[in-house]
Structure formats: structure tokens, C-alpha cells
Amino acid sequence: MGIGHWSSRAIAESSRIKTFTTKVNSTLRGKDMELGYFQKDVLIEKLAKKFYAIQGYVVPESYRMQSATHPAERACVAMAINAIEEVEFELADDDDTEIIKWQRGQSLSQECQYYFCKYEKFTLTLLTSPHTNMTRVEVYLENTKLYVSEKAISPQEATEELQDFVTTLAAQLETLNRIEF
């Protein structure tokens, strides 16, 4: 197989994947839809094989890419996982949807309002003073403080900043999770 044939095939495969992603985004945007474990597993295999084909390789249909040990095959699996995560992230990126659901706690004083949110071992807190327009948010992992922000912003703006922090933290933890020792 010549270089010209390989590159035109790679462009065609890349175009099909881009078309697939565009169709998924336009079809599912705004719908509360999440892939199940088995659906995600099948999609990872399918995309990994497509990415491998872009590189000019072919594997039998029964071959399990996620069990591969070859670096190029493992890279294709990693690309497939990242592609799925990006699509899921884009579908979840709805400005009207608040990811953090605050519960009102007992206020420390009449001038301050206290809210909290608990996710497994994480605790999020928000303390706001409507009179001074000051908002303080904190993130704890069990007893360890991970994040503190105190600014003259609204609780909604503080929540958005906190969501950005938590999303970035989750992505970084996912990256650490992929490191093999």
C-alpha cells in the first residue's frame, strides 16, 4: 500500500469520524443522554479500530483493542476514550443546567447564607453575604481542603467557577488514573 493510498484513506476515515461526531452533537445536544457501560465499551472498540485503520492497519472483527499490548493499538484505545469523553462533555455543556445542586444549610448569621453539596468523599460549601456581595466557596476531599475562593461575585458566578474547577480536577485525576506504574 503506497503512501498516497494510505493518506487518502486516512483523510476519508478522519472525515467519517468528524461527520459522526457532528451527527452525534446535532442529534443529541440538549437531550439528557448518557452512554451505558456496554454501549461505551462497544463504541471504544469501534473507534479504536477506526483510528487504527486510519494508520493503515487492520485487525479481525473479533479482536479486542482494549486488551492490546502494542503501543500503537493502546494509543488508539486512548484516542477513542478521549473522543467519547469530549463528545460527552460537549453534550453535557448546557449553560441552563447547573451541575452542582446546592442544599441550604443552617446559616451562621442573618447576614450570611450557607449552602453545601456532598458527592461521595467530596464536600462543597458556599457561604454568601448578599449585603456585601461576597461569596466564599470551598472544596474538601474528606478532611483535606482542595480549593478556596472568596470574591465579590454572585453565588451563581461562584458556582460556575467552582464547576470549572471541579471539571478540570476530574480531568486531571482521570489523566493520573491512566498512568501505569
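In what follows, every heavy atom counts, from backbone to side chain, and hydrogens, waters and symmetry copies are set aside. The first residue of the sequence shown is numbered 1, and numbering continues consecutively from there.
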Problem set entry | Euclidean distance, Gln172 CD relative to Leu169 CG, rounded to 0.5 Å | 8.0 Å
Problem set entry | Check: Phe122 and Leu146 side chains under 4.5 Å, non-hydrogen atoms | yes
Exercise. Take atom CD in Glu150; do more than 12 heavy atoms of anything else shown fall under 6.0 Å from it?
Worked result: yes
Seminar exercise, completed: d(Gln66 CD, Asp41 CG) to nearest 0.5 Å is 4.5 Å
For this session: For Ser149 and Val137, indicate whether the former's side chain and the latter's backbone hold a donor-acceptor pair under 3.5 Å.
Result: no
Exercise. Between Met65 and Val59, what is the shortest heavy-atom contact and its length?
Worked result: SD-CG2, 4.1 Å
Exercise. Do you know the tightest heavy-atom contact between Lys145 and Val148?
Worked result: CD-CG2, 3.0 Å
Exercise. Does any non-hydrogen side-chain atom of Gln55 lie less than 4.5 Å from one of Cys76?
Worked result: yes
Problem set entry | Point-to-point distance, once rounded to the nearest 0.5 Å, from CZ of Arg74 to CE of Met79 | 13.0 Å
For this session: Report the distance from atom SG of Cys112 to atom CZ of Arg136, rounding to the nearest 0.5 Å.
Result: 11.5 Å
Exercise. Heavy-atom count around Lys46 NZ within 6.0 Å, excluding the residue itself: above 12?
Worked result: no
For this session: May I ask whether Tyr63 and Val42 are part of the same hydrophobic cluster, defined by side-chain heavy atoms of I, L, V, M, F, W, Y residues being less than 4.5 angstrom apart, directly or through others?
Result: no
For this session: Kindly give the heavy-atom pair with the smallest separation between Thr69 and Glu73, and that separation in Å.
Result: N-OE1, 4.5 Å
Exercise. Do Arg104 and Trp102 have side-chain heavy atoms sitting under 4.5 Å apart?
Worked result: no
Exercise. Taking side chain as C-beta onward, heavy atoms only, is Thr159 less than 4.5 Å from Tyr115?
Worked result: no
Problem set entry | Non-hydrogen atoms of Leu47 and Ala80 that approach each other most closely | CB-CB, 3.6 Å
For this session: Using a strict 4.0 Å threshold on nitrogen-to-oxygen distance, state whether Glu161 and Lys151 make a salt bridge.
Result: yes
For this session: Check whether Phe165 and Leu141 end up in the same hydrophobic cluster, where Ile, Leu, Val, Met, Phe, Trp and Tyr are linked by side-chain heavy atoms less than 4.5 Å apart.
Result: yes
Exercise. Between Leu126 and Met134, is there a shared hydrophobic cluster once you connect ILVMFWY residues whose side-chain heavy atoms come closer than 4.5 Å?
Worked result: no
Problem set entry | Connected via hydrophobic side-chain network under 4.5 Å: Leu162 and Tyr140 | no
Problem set entry | Separation of Thr135 OG1 from Ile153 CD1 (nearest 0.5 Å) | 6.0 Å
Problem set entry | Asp164, CG atom: more than 12 neighbouring heavy atoms under 6.0 Å | yes
Problem set entry | CD on Gln103 to OH on Tyr114, rounded to 0.5 Å | 10.0 Å
